[in-house]
Amino acid sequence: MTTAQLYPLGTALKRFAGHTPRRSDAAGVESLTSFICRLALDHYCAPHRLYGALIANDWTKRKVDFKKIRSAESQLINSLGEAARSSVEALQRESDITDASEMTFLSIAGLCDQKAKHFLHKGRHWCAQCYMESRNAGEPTWDPLYWAPTTTTICLIHRTLLQQFCPHCKLIQRHLPKFPFLDFCEYCGCDLASGSSTSGDADQLDQRMWLANGALDLIKNRQDTILSRENFSLRLNEATLICSNGVFEEFARMTGINTCSLRNWQLKHAAPTWSNFIDIAYRLNTPPTQLAGPSTLIFDPAVFNYRSSLRLDKQHRHLPKERIEELRRATVELLKAPIDVWVFRNGKLSSIQKQFDISYWTFKRHLGDLAGQISAKRLEASEYRKKLTVAGRRKRLRAARDKLAGMELEPSVRNMKKSGLVKVSDVISVRRGKGSSGAETS
DNA sequence: CCTGCGAATCAATGTAGAAC
DNA sequence: GTTCTACATTGATTCGCAGG
């Protein structure tokens, strides 16, 4: 395999003037890595080389104290952390661009977690048709910023799934590739603009479009609203108040959001991951810019998206999916069981919890949607039990009365007790509050 | 360019205890 | 006895660096 390396023409870093970020109404602004690629083309050098020189303000790598990232982690330049901040500062220092942060997600640094877990695609995602259209128009290809988050899987213009592998060598493309051309594979040189585009599942199309739109909306409106986790927490509290009278559990059940995550965000001021944040925005059918914005929102449970069909965040946790399915099957089975099982074997639900070795709350957190049915079944069982008690008491009284009649004795309380066929509570009125009835006499 | 490791931190679990 | 909240703790994932 041949390797090639590009070196800049001069030794001095050119000052970058006359460049402005690409943008369009339909796709928003360009990402910072895409912009650096074009600057690299202007300097005839590799994008990552230019990035290093830009950060250090030096082509020769003499300055050792600059923070440089690995080229395989170049998505960080578009993110919301330290790498993005230093890149923006360097670019503003070395060029006539005054607001480079619009090409990154720094505007939501106060909202999402600083580690930016599950935030940006590690490998570059692109739409072949968009690339082809730019090329046909005689413009350099560019990556809109809204393609970067992991929640964006679709091109808003062509409604086709974004691509992430070279169609020829199947390799992942980096955000800062080896060569300053975004539309050619950095390993085999294959034309990425000519790849065939596919549209995903029809039932997921709306959700994919919603999520991509959410990201674009956020990028476009970054100047107008400052998003913060405090606001996010406040908005969640408001939604809880409006939809379920402030009961977290019920709100969580309604929307399918995990109760404990909800509480972590509201009480501990934990920052949500981006994918969780936009998932909640989707479920509440609220633009993300407003869900973490400063003004009060009116939430309408009638338009909620209760079911999210895309798995956004990787499971952090503990109970494997199959185990939860098993748990659910066992519970549904029990719910279908005849009422006798519930009346005479009360320990059944807790025995399921014991069998799966989980607490009451883990059980509820996973099977919250069945909680209503379980409560109803419990109520039904207790009613049934009450009826059984009444019927039993009647039966005992009748037997005692028959016995006394056979012995030609008065069915008085004293004789009834003597017969040994009734319980004391059957004939002595239990002292309760007002309205209580005494012994059964009819 | 790859791998391993520790720090950091969000997500999820279990437990105590209060309200009803 | 059931349901709910608060909180400590455990688990998972990512970052960022060092070294090969």
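Below, chain A is the first sequence line, B the second, and so on; all start at residue 1.
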Any [X] side-chain nitrogen or oxygen under 4.0 Å from OP1 or OP2 of [N]:
X: A/Arg229; N: B/dT9; answer: no
X: A/Asn276; N: B/dC10; answer: no
X: A/Arg174; N: B/dC1; answer: yes
X: A/Ser375; N: C/dT2; answer: no
X: A/Tyr360; N: C/dT3; answer: yes
X: A/Lys364; N: C/dC4; answer: yes
X: A/Trp361; N: C/dT3; answer: no

Practice task
Mind checking A/Phe119 for me? I need base, sugar-phosphate or nothing, with any heavy atom below 4.0 Å counting as a touch.
Solution key: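 A/Phe119: no heavy atom of the nucleic acid under 4.0 Å.
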
Rounded to whole angstroms, how far apart are [atom1] on [X] and [atom2] on [N]?
X: A/Leu76; N: C/dC17; atom1: CG; atom2: P; answer: 11 Å
X: A/Gln353; N: B/dT13; atom1: CD; atom2: P; answer: 14 Å
X: A/Leu80; N: C/dT14; atom1: CG; atom2: P; answer: 14 Å
X: A/Glu380; N: C/dT2; atom1: CD; atom2: P; answer: 16 Å
X: A/Ile77; N: C/dG16; atom1: CD1; atom2: C1'; answer: 15 Å
X: A/Asp279; N: B/dA11; atom1: CG; atom2: P; answer: 11 Å
X: A/Trp265; N: C/dC7; atom1: CH2; atom2: P; answer: 19 Å
X: A/Phe277; N: B/dT9; atom1: CZ; atom2: P; answer: 20 Å

Exercise for the section: Determine, using ring centers only, whether A/Phe184 and A/Phe179 are less than 6.0 Å apart. Expected result: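 Aromatic pair excluded; centres sit 6.0 Å or further apart.
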
Practice task
Return the minimal non-hydrogen interatomic distance between A/Leu227 and A/Ile108, and the atom names on each side.
Solution key: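 Looking at all heavy atoms of both residues, the shortest contact is CD1-CG2, 3.8 Å.
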
Practice task
Evaluate the ring planes of A/Phe119 and A/Trp274, with Trp represented by its six-membered ring, and classify them as parallel (under 30°), tilted (30 to 60°) or perpendicular (over 60°).
Solution key: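 A/Phe119 and A/Trp274: tilted rings.
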
Practice task
State which residues pass side chain to side chain donor-acceptor pair (under 3.5 Å) with A/Thr240; sequence neighbours excluded, sorted by chain then number.
Solution key: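 Partners of A/Thr240 by the side chain to side chain donor-acceptor pair (under 3.5 Å) criterion come out as none, since no residue qualifies.
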
Handout entry: ring pair (Phe, Tyr, Trp, His ring centres under 6.0 Å) partner of A/Phe277, the single match among A/Tyr282, A/Phe105, A/Phe232
Key =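 With A/Phe277 as partner, A/Tyr282, A/Phe105, A/Phe232 yield a single ring pair (Phe, Tyr, Trp, His ring centres under 6.0 Å), made by A/Phe232.
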
